[in-house]
Amino acid sequence: MIYFPIIVSILAIVFVFFLVRKIKKYPSGDGKMLEISQAISEGAASYLKRQFKTVFLVAVVLCLILLVIYTVNTRDLRTGLMTAVGFLLGAALSALCSFIGMLVSTQANVRVAEAAKKGLKPAFNLSYTGGLITGLLVVSFGLLAVAGFYLLTQDLKALIALGFGASLISVFARIGGGIYTKAADVGADLVGKVEKGIPEDDPRNPAVIADLVGDNVGDCAGMAADIFETYAVTIVATMILGALLFPQSPQFIFLPLILTAISILSSIIGSFFVRLGKGKNIMNALYKGIVVSAILSAVGFYPVIKSMVVGNIGLSSNKLYLASLIGLIIAAGMFIITEYYTSKKYKPVRSLASASQTGHATNIITGLAIGMRSTALPILLISGGIIISFWLAGTYGVALAVLTMISLAGIVVGVDAYGPITDNAGGIAEMSDLPEDVREVTDALDAVGNTTKAVTKGYAIASAGLAALVLFSVYSQELIDLGAKTKFLLDNPKIIAGLFIGGLLPYLFASFAMSSVGRTAAKVVDEVRRQFKEIKGLMAGTAKPEYGKCVDIVTKAAIKEMLIPALIPVVAPILIGFILGPEALGGLLIGSIVTGLFVAISMTTGGAAWDNAKKYIEEGNFGGKGSFAHQAAITGDTVGDPYKDTAGPAINPMIKVLNIVALLIVSFLV
């Protein structure tokens, strides 16, 4: 059975190479377009190389620590080596996913701008193809890593280290990329739009290249690493939970691998249904692919579960199948809810735009209120999914629901990675002074890209929260398996303390991330102001700005600022576990999941609403560009930038790292 997911993963990788060759055949425009695209590509590659160089040093230290500790604890060198190798494999593949995804994005952006000269349809098809490459790479590498490593080692515990390696890269990629992209964006907007009154992506703005680079290292590379980690960790957690709950039924180890392989095939087939109809509704075209993939997955799950869930194990195959459908329903619900709160078509964003008419303060107040309110329906949906899947098939039913939800990641990440490609294409069109009709095409693509990024972030947050819950179940089951008489009762002061400390961590983590963006953006603002002041003819457009200065500032600052927040989820569980014990650590894990979900959803949804409210006004509503309402909306969008693209999304890997570190140290606590 284990060869099937490996074969599917390899087929998906072959399909990805076919798509890459397809993209390279498209024309990439004239000299100026190529010059801008090259600058973006070089800036993104330079940042990721420096980021991974820093992370590599941290990874080597952690790898050696894992090797020594596990070898000494088990008195078995092989166990120590497998743990260390698993950690390095997870980290390497996560880094590779983010780097290749970014590379493809920076090659597709200029080709989309060129394709836009021929109309909306060719530009849309090309931008989606570029995004799909990242999505399929994430799932194929993730499944291949887990299935292949298990085939070689037959060691489930070593897979936890693989998940830890992926999680470490994910945290650094999300924080570092988020700081980079939003510091550049905020710096560019504050001076360019607010002080100088020039359009977004205006070539006179010294921070514009750094801003375009940020779209790739934050939204593309960061999301790829984040979802790769959630995908791999969810598969691993479900495999381990199956082995612990049903030790006499090895098919439960292989079931998660088979189901995710089916979803990869479904995503490839579903991608062929992403086509613009006569109405040219871009969002509907993207949803077609997701809907088809979900339906095909649901159909494919049934015969697999029916044939594999056999024997006297106390589980009904039909109920387990229904639990698997719950995950697909939660995914669909998250798409609908997040789009409602972030799309320009609906009341929340329009009410936020309307509030901008009375000033900056009312815009901020309304945006914060929308962010807070947007947590209600997702939490109710997730809670309902947990209760129903548990009622159907117990703890394993919940794990299977989470697995099937994340199994759609291939096509979902494709929809997300479409966003930074279209954003960059619009920037290249603006900076290259392409005709207005070209910019209209890229603007239409980019407007939907903002919503797709928000929707997929909502999906990623829900997946991360539920994956962390499955990891907690594995942690609890591991304690039982190790003979610990631990009960998580609320009359235990250590558990209460753990809950409070765990609840604190997402707030503390988010505050570090937000502060980092603020400090770095201030440096960008100073540099942009300096260039406008000292470079004669810059404002008139007769002189060229020093783009490299801003790129260098945000690169250095992002690398420096990401270290402290990234170490919080690694250090906190170790300290709490060894000082207060496994009960307090269990409380910490649950506390972080609960508050983490609320903080992440409110930040990402609220930030996206601020962004689209600004764009709604720019379409000519409430006075249009340059109006008082527009100025207030720009302020809201600037506040929302680090909310939705730095702190909020980075909480996803943070709560999973906490749980994975707990699993790594649990045997030392009993």
Side-chain angles (χ1 to χ4, degrees), residues 39-40 42-55 172-198 200-219 221-222 423 427 431 509-535 538-539 543-567 607 634-650:
I40 296 169
E42 288 176 359
S46 174
Y47 168 74
L48 284 185
K49 286 176 184 176
R50 291 173 71 167
Q51 182 189 57
F52 291 145
K53 184 179 179 181
T54 304
V55 177
F172 278 110
R174 267 303 193 191
I175 297 173
I179 292 169
Y180 188 113
T181 183
K182 291 304 108 179
D185 194 359
V186 169
D189 285 352
L190 285 177
V191 182
K193 288 183 180 179
V194 178
E195 294 183 10
K196 298 297 181 181
I198 58 178
E200 188 172 357
D201 299 327
D202 193 295
R204 292 171 292 179
N205 193 326
V208 70
I209 293 293
D211 185 13
L212 294 173
V213 169
D215 291 332
N216 295 286
V217 300
D219 288 328
D423 197 337
M431 295 185 72
F509 180 85
S511 74
F512 274 109
M514 294 282 287
S515 298
S516 297
V517 172
R519 285 191 295 269
T520 308
K523 294 177 183 178
V524 176
V525 167
D526 290 340
E527 175 58 26
V528 174
R529 284 173 176 168
R530 181 195 69 78
Q531 292 195 35
F532 273 116
K533 182 179 179 181
E534 297 179 6
I535 299 177
L538 181 56
M539 190 63 187
K544 187 177 179 180
E546 298 172 348
Y547 297 121
K549 295 280 188 181
C550 290
V551 171
D552 192 53
I553 286 171
V554 289
T555 297
K556 289 179 179 176
I559 298 297
K560 178 184 176 183
E561 297 279 0
M562 72 180 182
L563 289 172
I564 292 178
L567 290 175
I634 290 172
T635 299
D637 178 38
T638 306
V639 172
D641 274 339
Y643 254 54
K644 68 182 173 68
D645 290 325
T646 308

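Note that this is a predicted model, so its numbers are computed, not measured. For the numbers below, each heavy atom of this structure counts, side chains included, while hydrogens, waters and symmetry mates do not.
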Can you list everything that forms a side-chain contact (heavy atoms from CB on, under 4.5 Å) with T54? Sequence neighbours excluded, please.
I559, M562, L563

Quick one: side-chain contact (heavy atoms from CB on, under 4.5 Å) partners of I535, sequence neighbours excluded?
Q531, L538, A543, E546

Between K523 and D526, is the closest basic N to carboxylate O distance under 4.0 Å?
no

Could you report the tightest heavy-atom contact between [X] and [Y], atom names first, then the distance?
X: M514; Y: P642; answer: SD-CB, 3.7 Å
X: G187; Y: V524; answer: CA-CG1, 3.8 Å
X: A558; Y: G176; answer: CB-O, 3.6 Å

Stepwise side chain to side chain contact (heavy atoms under 4.5 Å, CB included) test for M431 and I209
CA-CA 10 Å; M431 295 185 72; I209 293 293; 3.9 Å; yes

Partners of F172 by ring-ring contact (aromatic ring centres under 6.0 Å, His included), sequence neighbours excluded?
none

The ring-ring contact (aromatic ring centres under 6.0 Å, His included) partners of Y47 (sequence neighbours excluded) come to Y180

With a 4.5 Å cut-off on side-chain heavy atoms, are D641 and D189 touching?
yes

Is there side-chain contact between F532 and I198, with at least one heavy-atom pair below 4.5 Å?
yes

Residues in salt bridge (charged side-chain N to carboxylate O under 4.0 Å, His left out) contact with K556, at least two apart in sequence or another chain
D552

For S516, check side chain to side chain donor-acceptor pair (under 3.5 Å) against everything at least two apart and list the hits.
E561

CA sep, side-chain torsions, deciding dist, call: V217, Q51, side chain to side chain contact (heavy atoms under 4.5 Å, CB included)
CA-CA 10 Å; V217 300; Q51 182 189 57; over 6 Å; no

Looking at V551, is its backbone amide N or carbonyl O close enough to the side chain of T555 to form a donor-acceptor pair, meaning the two atoms are under 3.5 Å apart?
yes

Is a side-chain donor or acceptor of D645 paired with a backbone partner of K182 at a separation under 3.5 angstrom?
no

CD1/I564: more than 12 non-hydrogen atoms of other groups inside 6.0 Å
no

